[in-house]
Amino acid sequence: MTSKMPKASAAIDTTNSLLQEEPSLLKQPKAVWAVFFACIIAFMGLGLVDPILPAIASKLNATQSEVTLLFTSYNAVMAVAMLITGVISSRIGIKWTLLTGIVIIALFSALGGFSNDIWSLVGLRGGWGLGNALFVATSLAAIVSLSNSGTAKAIILYEAAIGLGISVGPLIGGWLGAISWRGPFLGVAALMVTAFMGLILFMPKSNIQQTVKSKTSLLDPFRALKHRSLLVFGITAALYNFGFFTLLAYAPFVMGLDEHGLGFVFLGWGILLAITSVFMAPKLQLWFGTIKSMCLMLILFSCLLVVIGIWTSTQWVVITAVICAGALLGNNNTLITTAVMNAAPVERSTASAAYSFLRFLGAAVAPFMAGKLAEVYNPHVPFIVGAGFVFISVLYILFNYKHVKHVDDIKAGH
């Protein structure tokens, strides 16, 4: 009997050690890291352009509302294109969908760097949006599907890539933009070539094709929206993006900074976005639940927009509020993306496409609306209106709480 005790004890110790081991966020296949770094570069493109918006208005003799169309055309095309991402990826595979998106982004950003008028640039940004749609929707599905650490941690990894890209992008954009407003566009093209090479080398085609089980149709995202929970999160994101893209597209015009200054402000914004999306959002989810945490972040973001709207002419207030907003946006992005992935019993790529279609509709309208409101009324109004839309998103979640409360019952990582 005594001779068996050490073996039994060893077996118990081994079992306990196995139970205690949880898949690490950092222990991922090479394919996941390839998509991760490609995501960083892809989202650098958004931040690269932001510090040069006033410079574009000046160099191309464009109004502020015309320059904000660079975001509108980009997001409008991306919203519609999200509906075909599943159709394409289910036929050519996730890897080749990602590569196609990267090629399109590189092509249209390079052409944008050589354009000579605002309307050509607006049109080329639409083409950029097509490439980004193929890449964004598919990259989220790829990371979630290929990750070995569960859905929740995979989404954190995805949001971290977004945060890193958005944070580093403005710094590079400010540096390149100080040389010429064309620099960031050509810089994006060069970076996307790097991302293309990374995916070709480290993303095995055979592994990715296993994640695509059947061909999808154009109607699948619309069928997915029949699930009330997914529809609620999509509309919430559309409303919330009115505030997000008002901040992103119009705040550069009221800060009174040059390209370098805007680059540093949005660097701080992006760093906070990245840190909170990875480290703080999971804690909030654990402490308060997904829905309550999301509502809290949206209410605080609405308040920040009101602060900017009231003190629009006070430079340090606007700069501080924009940087602080990064923390709220980082938390909310992770929370709402996690909720969407667990909202409805549909393929993750289909859920992502349906949700993204709705959220980018809000992102398309908001920038142009912000510019027009400022031209018709004054620079304070866009931020107040944006705050109103964000607050309405909170009311909409609470009104539909019974349809979304189940996401809090799903354990993280499952």
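Since the model is a prediction, treat every value here as computed from it, not as a measurement. Keep in mind that the numbers below use all heavy atoms, side chains included, and drop hydrogens, waters and symmetry copies.
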Which pairs would a plain distance check flag for residues 36-47, meaning a side-chain donor or acceptor within less than 3.5 Å of a matching protein atom at least two apart in sequence or in another chain?
none

Open item on the list: One pair to check against side chain to side chain contact (heavy atoms under 4.5 Å, CB included): Phe389 and Met369. What are the steps and the verdict?
Closed with: CA-CA 12 Å; Phe389 275 102; Met369 185 183 74; 3.9 Å; yes
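- Qualifying ring pair (Phe, Tyr, Trp, His ring centres under 6.0 Å) partners for Phe253, counting only residues two or more places apart in sequence or in other chains: Tyr250.
- For Phe266, the ring pair (Phe, Tyr, Trp, His ring centres under 6.0 Å) test picks out Trp269, with sequence neighbours left out.
- With 3.5 Å as the limit, one finds no donor-acceptor pair spanning the side chains of Asn333 and Tyr158.
- Residue pairs meeting the ring-ring contact (aromatic ring centres under 6.0 Å, His included) criterion with at least one partner in residues 289-326, sequence neighbours excluded, do not occur; the list is empty.
- The side chain to side chain contact (heavy atoms under 4.5 Å, CB included) search around Phe288 returns Leu284, Lys292, Ser293, not counting sequence neighbours.
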Task: Criterion side chain to side chain contact (heavy atoms under 4.5 Å, CB included) on Leu329 and Tyr240, from CA distance to verdict - done: CA-CA 10 Å; Leu329 298 174; Tyr240 147 68; 3.4 Å; yes
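- Here Ile102 contributes atom CD1 and Leu199 contributes atom CG; the two are 4.5 Å apart, rounded to the nearest 0.5 Å.
- Within 6.0 Å of OH on Tyr396 lie more than 12 heavy atoms contributed by other residues, nucleotides or ligands.
- Proximity of a side-chain donor or acceptor of Arg125 to a complementary backbone N or O of Phe108 within less than 3.5 Å is not detected.
- Smallest separation of non-hydrogen atoms from Phe222 and Phe357: CE2-CE2, 4.4 Å.
- Rounding to the nearest 0.5 Å gives a distance of 9.0 Å between OG1 of Thr334 and CD of Gln285.
- Of all the heavy atoms in Arg359 and Ala237, the pair that sits closest is CB-CB, 3.4 Å.
- The OG1 atom of Thr276 sits 6.5 Å away from the CG atom of Leu272 when rounded to the nearest 0.5 Å.
- In this structure, Asn241 contributes its side chain and Gly362 its backbone to no donor-acceptor pair below 3.5 Å.
- Of all the heavy atoms in Val254 and Pro379, the pair that sits closest is CG1-CB, 4.1 Å.
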Task: Working for side chain to side chain contact (heavy atoms under 4.5 Å, CB included), residues Leu300 and Leu304 - done: CA-CA 6 Å; Leu300 292 175; Leu304 263 185; over 6 Å; no
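- The distance from atom OG of Ser277 to atom CG of Leu157, rounded to the nearest 0.5 Å, is 10.0 Å.
- Of all heavy-atom pairs between Ser229 and Ala343, the closest is OG-O, 2.8 Å.
- Ala34 and Gly198 get closest at one heavy-atom pair: CB-O, 4.1 Å.
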Task: From CA spacing to verdict: side chain to side chain contact (heavy atoms under 4.5 Å, CB included), Leu298, Asn332 - done: CA-CA 7 Å; Leu298 290 172; Asn332 190 66; 3.7 Å; yes
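- Of the inter-residue distances, the one linking Ile319 atom CD1 with Ile308 atom CD1 reads 11.0 Å to the nearest 0.5 angstrom.
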What side-chain donor-acceptor pairs closer than 3.5 Å can you find for residues 68-84, not counting sequence neighbours?
| unit_1 | atom_1 | unit_2 | atom_2 | d |
| --- | --- | --- | --- | --- |
| Thr68 | OG1 | Gln64 | O | 3.4 |
| Thr68 | OG1 | Ser65 | O | 2.6 |
| Thr68 | OG1 | Pro367 | O | 3.3 |
| Thr72 | OG1 | Ala364 | O | 2.8 |
| Thr72 | OG1 | Phe368 | N | 3.4 |
| Ser73 | OG | Leu69 | O | 3.1 |
| Ser73 | OG | Val122 | O | 2.8 |
| Tyr74 | OH | Asn132 | ND2 | 2.6 |
| Asn75 | ND2 | Phe71 | O | 3.1 |
| Asn75 | ND2 | Ala363 | O | 3.1 |

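- Distance check, rounded to the nearest 0.5 Å: CD1 of Ile105 to OG1 of Thr100 gives 11.0 Å.
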